[in-house]
Amino acid sequence: MAERITEFFGIDVFNEAVMRERLPKATFKALKKTMENGEELDSQIADIVASVMKDWAIEKGATHYTHWFQPMTGITAEKHDAFITPAAEGKVILEFSGKELIKGEPDASSFPSGGLRATCEARGYTTWDCTSPAFVKEDAAGVTLCIPTAFCSYTGEALDKKTPLLRSMEAIDREAVRVLKLFGHQDVTNVSCSVGPEQEYFLIDREKFLQREDLIFTGRTLFGAKPPKGSEMDDHYFGTLKERVAAYMKELNVELWKLGVLAKTQHNEAAPAQHELAPIYATANISVDHNQLVMEVMKKVAKRHGLECLLHEKPFKGLHGSGKHNNWSMVTNTGKNLLDPGKKPNENLQFLLFVTAVIKAVDEHATLLRYSASNPGNDHRLGGHEAPPAIISIFLGEQLEDIVRQIIETGEAKDCKKKVYMNIGVHTLPEIKKDATDRNRTSPFAFTGNKFEFRMLGSSMSVAGPNTVLNTIVADTLSQFSDELEKAAPEEFETVLKKLLQRELTAHERIIFNGDGYSEEWTKEAERRGLPNEASIVDATKSLLYDRTEEVFTKHRVFSRTELEARAEINYENYSKTLNIEAKTMVDMAAKLYIPAFIRYATELAESINAVRAAVPSADFTVQTKLLTQVSELLAETEAAMERLKEERTKAYHTKGARTQAEAYRANVVPAMEALRAPVDKLEGIVDKKAWPVPTYGDLVFEV
Ligand code: ADP
Ligand code: MG
C-alpha cells in the first residue's frame, strides 16, 4: 500500500491540483485570488467552476451535490440535491450552475438559532467557502459532491460555527500583519492560523453497544461499576494494537487520506479501548472541516468492523475520558511561524511580543476560553484529575519562563537557558538534544516549542469555537499593542517595546503556572491569584455576555451582541436538553431493566431460602438471607431515587428561562442522577452476573 498512498491521497478532493488541471487558466487565477485575498468572485467565473466541478464529481460517480455546513449543533448538516434538470421529450440533463455553487437556501427553522430566528424569518443561506476544498463522499446513498459552506440568517447573522471562525481568521490576519509591519516585514501580506487537533476516541463492540440504551441515547454510560482493572497498570497507553483495532485504523487512514486529511499519528490511549488519531496541522478552517470529517468517518468505519466509536467526553465513569488537544500557531504567507522562538528567544523581541499577546489574551479572557472548550460531556472531565483542571493557566516551560522572569525583573532578558545534551549512559546510543521544555500534562494551555497547545477541549466538540475565541482575543491584544507601538518614533521603538513587554508580562504573570495543575495547592494558589475557576459549562457560559467580550468581538466584527446572546441561549438550552435526555434514559433503564432484574434476583434468593428450609430445616441459609436483605434494601433505594429523579426532572423541565433552567438541571437533576446511579452500581457487585441486564464495563472495554 505504501507506494500507492501518494497516488490515492486526496483522490476524492476537488483540490488545487485538480483545479489547475481542469479550469481555464484565467478562471483558475481568479479563483486563487479569491481564495488567497478574499476578493469577490465574479458570477461568470462561478459558472465555469461549477460546471467543471460537476463534471469532475460525475466522473467520480456523483448523482447529488450538497452544501455541507456546520450549524450550531456542533456537527455537520447536509441536504442533497440531484444534478438533474428536465429536458425535452421527458428526459433529463445534468446541470449545476454557479448560482447553485455559491448560494443555497435551506430552511433554517429546525436548527438551533438561540432566538435569532424569532427576529427574522426561517430563511437561512449557505454560501460557498472556497478556501476549503469541495470533496465527494460515498455512502449507501451513492456519491455526493460536498461543498463546504457558511450558514447565515436572512439578516446576515451567523447561524453556524464556520462564519465566526472565518471572521476571526480575518481579524488575526489583519492585526498580525499590522504588528509585522512595525518590525519591517513589508513582504508579509497575510497571516493565517495553523491548527492541529489530536482526536481521542473509544472503540467498543457494536453488539454490546446496542444492548445499552444509555450509550445509544446519550453516548455515555449512565450506570456501571468500575471494573477490577482500569488503567492503573499503564499497559494500554501506547500498547500494541489489537488486531481488530488495527484493521479499523488501517481502513480509517485510507478513507481519510482519500479525503485529503493528513492523518498522521495513531496509538492506544490511557484507558482500555481508548485510542487517538492526530493529523498534521493545517490552516484553521480546513483543520476544522477535516476534524468534522475525521469524527464522521471514525463512526462510519467502526460500524463496518462491527465496532462502535464513542466520541463522548466521558463514556465510562472512573476511566479516563476523551479530549482534544488544539495545537495552534500563526504563520505568515512567507512561511514563518510567528511562535518559533529561534536560536536566541531572549533577543527575539518579535517572538516575545507575539507570546505576550497570547499571555495577555488568555489572562483577560480566561473564562471565555474555558467556555469555548465546554460542552455538557466535558463537565465530567475538567478538574477530574485526568484532564486539565477547570482553571485556565499557561505553561511556558523552563526556558521561556526564565526569560519572562528576567523581563519582569529587569526590563530585558540578558541570557537564555541553552539546550543541553542528554546523557543516556550508553555509548552506542546517539547523544540527543533535550527539548527546551519538558511536557506538563496537567496544563490546560501549554507552550510546546513553536505552538500553543490548548488541551481543555472535549473530544466530541467542533474545534471551530475554541479557535474563533483564540483568534479573536489574540487579534485584540495585538491590535492594542500596535496602537501603542505605531505611535513610537523609529529610534525609540525598541525602548517602547521593551517597556510594553515588561508592563504586560508583569500584569499577566499570574496566568503563568509551570507546576502540577492537579494539586490541591494549585486550586488555592489560583484563587489567591484571582484566577477564575468555573466548575461547569453552566457557569462559564455567562462569559459570552461579559462587557469585555462584547467589546472585543464587536470591535473585530466576529460576533454581534445578538449573536453572542444567541450562543449563550443555545448553550443553556443544549445543556438542559442533554440532561433531560440523560435523566429520562436513567429512569427508563431503572424502571425497565434494573428494577425488574433486582426483583427477579431477590425472588430467586427468597425461593432458595424456602427451598433449602423445606429440604433441610436445620440448614444454614444466612448467606442467602444476608444477600436478600442487601438486595432488598438497595432495591428500595433504587426505586426511591428513581421517583426523586422523575420529580426533579419534571420540575427542571418546566423551569422558565434558558439560564435558570440550565441551573436547575445542574443543581437538582445532576445530584438526583448520581443518587440513582449509586445503589445500582453497588448492586452490580452483588447480583449474579448472569442476572445482570446489560453488558458491564469489563465486557465493554476489555472485550474488543
Ligand atoms: P503530542 O501528543 O505530543 O501532543 P502529537 O504529535 O500527537 O503531539 O500532536 C501534535 C499536533 O500538533 C499534530 O497535530 C501536529 O501536526 C500539530 N502541530 C505541530 N506543529 C504545529 C504548529 N506549528 N501549529 C499548529 N499545530 C502544530
Ligand atoms: Mg497533545
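Since this is a predicted model, take the numbers as computed values, not measurements. Just follow the structure's listing: the first ligand is 1, and inside any ligand the first atom is 1.
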Q: Would a line drawn from the ring center of His267 to the ring center of His236 be shorter than 6.0 Å?
A: no
Q: Only one of Leu478, Asp476, Ile511, Thr477 forms a side-chain contact (heavy atoms from CB on, under 4.5 Å) with Lys360, so which one is it?
A: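 Testing Lys360 for a side-chain contact (heavy atoms from CB on, under 4.5 Å) against Leu478, Asp476, Ile511, Thr477 leaves exactly one candidate, Thr477.
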Q: Just wondering, more than 12 heavy atoms not from Arg20 lying within 6.0 Å of its CZ?
A: no
Q: Run the numbers for me: atoms of ligand 1, each under 4.0 Å from some heavy atom of Glu453, listed by number.
A: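 Near Glu453, meaning under 4.0 Å from one of its heavy atoms, ligand 1 has 4 (O).
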Q: Got an N/O contact under 3.5 Å between His325 and ligand 1?
A: no
Q: Determine, considering heavy atoms only, which of Ala282, Gly449, Ala284, Pro279 sits nearest to atom 13 (C) of ligand 1.
A: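 Nearest heavy atom to atom 13 (C) of ligand 1 lies in Pro279.
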Q: Ignoring hydrogens and angles, tell me if any N or O in the side chain of Asp289 forms a donor-acceptor pair with the backbone of Pro148 under 3.5 Å.
A: no
Q: Report the part of Thr265 in contact with ligand 1, treating N, CA, C, O as backbone and CB onward as side chain, heavy atoms under 4.0 Å; options are side chain, backbone, both, neither.
A: neither
Q: Without hydrogens or angle criteria, can the side chains of Ser460 and Glu313 be said to hold a donor-acceptor pair below 3.5 Å?
A: yes
Q: Report the member of Asn327, Thr448, Leu339, Leu277 with the shortest heavy-atom distance to atom 25 (C) of ligand 1.
A: Asn327
Q: Can you list the ligand 1 atoms lying under 4.0 Å from a non-hydrogen atom of Ile280?
A: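 Result: 16 (O).
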Q: Which one of Asn333, Val331, Thr334, Leu338 satisfies the side-chain contact (heavy atoms from CB on, under 4.5 Å) criterion with Val191?
A: Leu338
Q: Is the contact between Asn337 and ligand 1 made by the side chain, the backbone, both, or neither, using heavy atoms and a 4.0 Å cut-off?
A: side chain
